[in-house]
Amino acid sequence: MKILIINGPNLNLLGLREPEIYGKQSYADLCAYCQSVCDGLSVGCEIFQSNHEGAIVDKIQEAYGCFDGIVINPAAYTHTGVAILDALKAVAIPATEVHLSAVSEREAFRRVSYAGMACKKAFTGLGFEGYRLAVEYLVGRSK
Ligand code: DQA
């Protein structure tokens, strides 16, 4: 099994960015965490981050036929990105949505998730742990 983990804009600034919301660990720490989760489950993974919506759409399209699951934190594009929703629907690869913060408890605009409409499940407000649960969910589904 191969999982693609996609992170959207500003997640590369983890640690620096609003640490009271997103925590003090860096993006490199998140990548190492995701890699160790996948290694522990003997799952292949690629981790991709972009600040550009089109690059994320391209990556989802390229995943067709190559990956068995997608874990996506579209960051701000969650709440605006219809193109990401359409790409996820187009490739129809089982996907899970992750947010480090509890989006439903923040500003009203964060309660809408376009990408989430194409995802099987969402893990929010659990920090890095959400990525582990998302990977485990996809692995469990594939059995
Ligand atoms: C986020 C939540 C989004 O609302 C925000 O725009 C982000 C990060 C999260 O992981 O909590 O950039 O996706």
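The basis for the numbers below is simple: all heavy atoms, side chains too, and nothing from hydrogens, waters or symmetry mates. Just follow the structure's listing: the first ligand is 1, and inside any ligand the first atom is 1.
- Residue F67 comes nearest to L4 through the heavy atom pair CD2-N, 3.4 Å, listed as atom of the first residue, atom of the second, then distance.
- Between F128 and Y33, the two ring planes are tilted [angle within 30° to 60°].
- Counting only distance, with no hydrogens or angles, the side chain of R111 and the backbone of S104 share a donor-acceptor pair below 3.5 Å.
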Return a table of N or O atom pairs, ligand 1 on one side and protein on the other, at distances under 3.5 Å, rounded to 0.1 Å.
{"from": "ligand 1", "atom 1": "4 (O)", "to": "H79", "atom 2": "NE2", "distance (Å)": "2.7"}
{"from": "ligand 1", "atom 1": "4 (O)", "to": "R110", "atom 2": "NH1", "distance (Å)": "2.8"}
{"from": "ligand 1", "atom 1": "6 (O)", "to": "A76", "atom 2": "N", "distance (Å)": "3.2"}
{"from": "ligand 1", "atom 1": "6 (O)", "to": "R110", "atom 2": "NH1", "distance (Å)": "3.1"}
{"from": "ligand 1", "atom 1": "10 (O)", "to": "N73", "atom 2": "ND2", "distance (Å)": "2.9"}
{"from": "ligand 1", "atom 1": "10 (O)", "to": "L100", "atom 2": "N", "distance (Å)": "2.8"}
{"from": "ligand 1", "atom 1": "11 (O)", "to": "L100", "atom 2": "N", "distance (Å)": "3.3"}
{"from": "ligand 1", "atom 1": "11 (O)", "to": "S101", "atom 2": "N", "distance (Å)": "2.8"}
{"from": "ligand 1", "atom 1": "11 (O)", "to": "S101", "atom 2": "OG", "distance (Å)": "2.6"}
{"from": "ligand 1", "atom 1": "12 (O)", "to": "R17", "atom 2": "NH1", "distance (Å)": "3.1"}
{"from": "ligand 1", "atom 1": "12 (O)", "to": "R17", "atom 2": "NH2", "distance (Å)": "2.8"}
{"from": "ligand 1", "atom 1": "13 (O)", "to": "N73", "atom 2": "OD1", "distance (Å)": "2.8"}
{"from": "ligand 1", "atom 1": "13 (O)", "to": "H99", "atom 2": "ND1", "distance (Å)": "2.8"}

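- Side-chain contact of S26 with D29: a donor-acceptor pair under 3.5 Å is present, judged by distance alone.
- Side-chain atoms of L133 and V98, non-hydrogen and from C-beta on, never get closer than 4.5 Å to each other.
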If you look only at distance, which donor and acceptor atoms sit under 3.5 Å apart when one is on a side chain in residues 134-142 and the other is two or more places apart or in another chain?
{"from": "E136", "atom 1": "OE1", "to": "R132", "atom 2": "NH1", "distance (Å)": "3.1"}
{"from": "E136", "atom 1": "OE2", "to": "R132", "atom 2": "NH1", "distance (Å)": "2.8"}
{"from": "S142", "atom 1": "OG", "to": "V139", "atom 2": "O", "distance (Å)": "2.8"}

